[in-house]
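Hydrogens, waters and symmetry mates are skipped; everything else that's a heavy atom, side chains included, is used. Remember, predicted model here, so these are calculated numbers, not experimental data.
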Amino acid sequence: MKHYYKKDRNAKRLLVISHGIGGGGAQKVTAMLSNGFSDRGYQVRIVTTSPSESIYEIRKEIEYMPVHARQKTSFMRTLYRIQVIRKNILDFKPDYILSLSAIPNMLAIIARGCLKADLIVSERTDPSRHPSGWLAAAFRNYLYRFPKAVVFQTESAKAYFHRNIQKKGVVIPNAVLPDIPVSIEEKRRKKIAGMGALTDQKDWMTGIRAFEMTVRKHPEYQLVIYGDGPERTRIENYISRHKRLKDKVFLPGFAENVLDKISDAEIFISSSAYDGISNSILEAMAMGLPCVHRCTGRRSGIFNR
């Protein structure tokens, strides 16, 4: 999928760099911000470090350039991504570069080098947990000295970094769109819903085990998790080995109208091992759904805003 813009020499140019625009919180924010800047007259190009089809609407004026890194080793794929990002900077000549998530942020900082475009990077999760490994985290912390600004979701995430990075840090919590559906209590059924990628970070196994204990006393409930990812096979195998979960736990994948699909749930859950600010929890709360949230990591301030 590619979208091309009609060139306007007077318009400001924004290059957005993300790991994808498929399903997920950071991906949704990428789409929202890109559309918002496009609506304000910016020429926008999105470069993703991995190819993905967006389940979110992208304005037709926006150009989408996925990076297809097929090299055999991780190191060579990383070098290729840096090369493609730098080529896009030189070709597109952006006034501003906006990068989202730690790994794309690091690639963007290296790729920009000494080029003139103002670079803003955004942390989308708990910086003490991602990227994993002390060397990657130390390299990230070093590179964050070079962008013009660093956006954080919470004050606690900002406080994790050195004071020199905090000085150029800005805290911007996630947004919830105004056209969000409302959950009507009379239409709710015996359904527990969750949404998010099937990854180690989201730790749906903990949520499923908690549901397994719940369903012993409340067998009328079902658990529906909207999302996809590398943990799908492991989760499906676990469900198939436990008779109590068969015909009770469903994994329908990502859905474009996922908020409509969860609006009839009686409870919304999130079992993430760590997050920045969970988009899904904010949206479920805005809909009026009762929420059960595993509160771990640097998420202080979510519930008192």
Side-chain angles (χ1 to χ4, degrees), residues 1 3 5 14 16-46 48 52-64 96 98-101 104 120 122-125 151-154 157 170-185 187-188 191 193-197 202 224-228 252-270 272 275-293 299 301-305:
M1 176 187 69
H3 298 293
Y5 57 86
L14 173 67
V16 180
I17 301 170
S18 179
H19 55 73
I21 54 173
Q27 295 88 332
K28 187 171 188 176
V29 171
T30 298
M32 289 170 57
L33 289 173
S34 299
N35 288 336
F37 279 105
S38 179
D39 291 345
R40 286 162 176 77
Y42 282 73
Q43 291 183 14
V44 180
R45 176 185 290 187
I46 301 173
T48 60
S52 59
E53 289 291 331
S54 178
I55 68 169
Y56 308 112
E57 178 186 356
I58 300 293
R59 301 287 187 268
K60 63 180 181 180
E61 296 83 8
I62 297 174
E63 186 176 6
Y64 170 42
Y96 308 101
L98 173 62
S99 179
L100 298 99
S101 300
I120 300 169
S122 178
E123 273 289 323
R124 307 307 306 169
T125 188
V151 176
F152 302 100
Q153 295 176 300
T154 64
V170 180
V171 176
I172 305 177
N174 285 345
V176 175
L177 294 177
D179 59 349
I180 196 166
V182 176
S183 174
I184 300 173
E185 188 171 353
K187 295 184 178 180
R188 293 175 185 166
K191 169 182 171 181
M195 59 181 178
K202 299 303 181 183
V224 184
I225 301 170
Y226 296 93
D228 216 335
F254 286 114
E256 291 186 32
N257 58 338
V258 64
L259 297 183
D260 291 323
K261 291 183 178 295
I262 70 170
S263 64
D264 64 347
E266 201 166 277
I267 302 169
F268 183 88
I269 67 165
S270 170
S272 292
D275 263 323
I277 291 182
S278 169
N279 285 285
S280 62
I281 282 290
L282 292 180
E283 289 170 335
M285 291 172 66
M287 293 172 65
L289 286 171
C291 296
V292 177
H293 186 31
R299 289 188 270 195
I302 296 178
F303 301 111
N304 60 4
R305 289 190 180 276

Between Ile21 and Lys28, is a side-chain contact (heavy atoms from CB on, under 4.5 Å) present by the stated rule, with each step listed?
CA-CA 7 Å; Ile21 54 173; Lys28 187 171 188 176; over 6 Å; no
Given Glu266 and Lys187, is the salt bridge (Lys or Arg N to Asp or Glu O under 4.0 Å) satisfied, shown in steps?
CA-CA 9 Å; Glu266 201 166 277; Lys187 295 184 178 180; over 6 Å; no
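- With sequence neighbours excluded, the residues satisfying salt bridge (charged side-chain N to carboxylate O under 4.0 Å, His left out) with Asp264 are Arg189, Lys191.
- When atom types are taken as modelled, the side chain of Ser38 and the backbone of Val44 share no donor-acceptor pair closer than 3.5 angstrom.
- What you find for Ala31 and Tyr56 is that their closest heavy atoms are CB-CB, 3.8 Å.
- Counting only heavy atoms from C-beta outward, the side chains of Ser34 and Arg59 never approach each other to under 4.5 Å.
- Within the 3.5 Å criterion, the main-chain N or O of Ala157 finds a donor-acceptor partner in the side chain of Thr154.
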Report the C-alpha distance between Arg188 and Leu289 in whole Å, list the side-chain angles of each, state the deciding distance to 0.1 Å, and finish with yes or no for side-chain contact (heavy atoms from CB on, under 4.5 Å).
CA-CA 10 Å; Arg188 293 175 185 166; Leu289 286 171; 4.2 Å; yes
Assess the residue pair Asn174 and Arg124 against the criterion (side-chain hydrogen bond (donor to acceptor under 3.5 Å, both in side chains)); give the C-alpha distance rounded to whole Å, side-chain angles, the decisive distance to 0.1 Å, and a yes or no.
CA-CA 9 Å; Asn174 285 345; Arg124 307 307 306 169; 2.6 Å; yes
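- Residues Met32 and Leu177 come closest through the heavy atom pair CE-CD2, 3.6 Å.
- Here the straight-line distance linking atom CD1 of Ile184 with atom OG of Ser263 works out to 8.0 Å at 0.5 Å rounding.
- Across every non-hydrogen atom of Ser183 and Ala265, the tightest pair is OG-O, 4.4 Å.
- Residue Phe254 comes nearest to Ala197 through the heavy atom pair CZ-CA, 4.1 Å, listed as atom of the first residue, atom of the second, then distance.
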Ser280 vs Phe268, test: side-chain contact (heavy atoms from CB on, under 4.5 Å). Steps then yes/no.
CA-CA 9 Å; Ser280 62; Phe268 183 88; 3.7 Å; yes
Stepwise, does the salt bridge (Lys or Arg N to Asp or Glu O under 4.0 Å) test hold for Lys202 with Asp275?
CA-CA 8 Å; Lys202 299 303 181 183; Asp275 263 323; 2.9 Å; yes
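- For the pair Gln153/Ile172, no side-chain contact is recorded, criterion being any heavy-atom separation below 4.5 Å from C-beta on.
- Residue Phe37 forms a side-chain contact (heavy atoms from CB on, under 4.5 Å) with just one option from Ile62, Val16, Leu14, and that option is Leu14.
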Passes side-chain contact (heavy atoms from CB on, under 4.5 Å), Glu63 versus Ile46? Steps please.
CA-CA 6 Å; Glu63 186 176 6; Ile46 301 173; over 6 Å; no
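- Side chain of Thr30 to main chain of Ala26: a donor-acceptor pair is present (N/O by atom type, distance under 3.5 Å, no hydrogens or angles).
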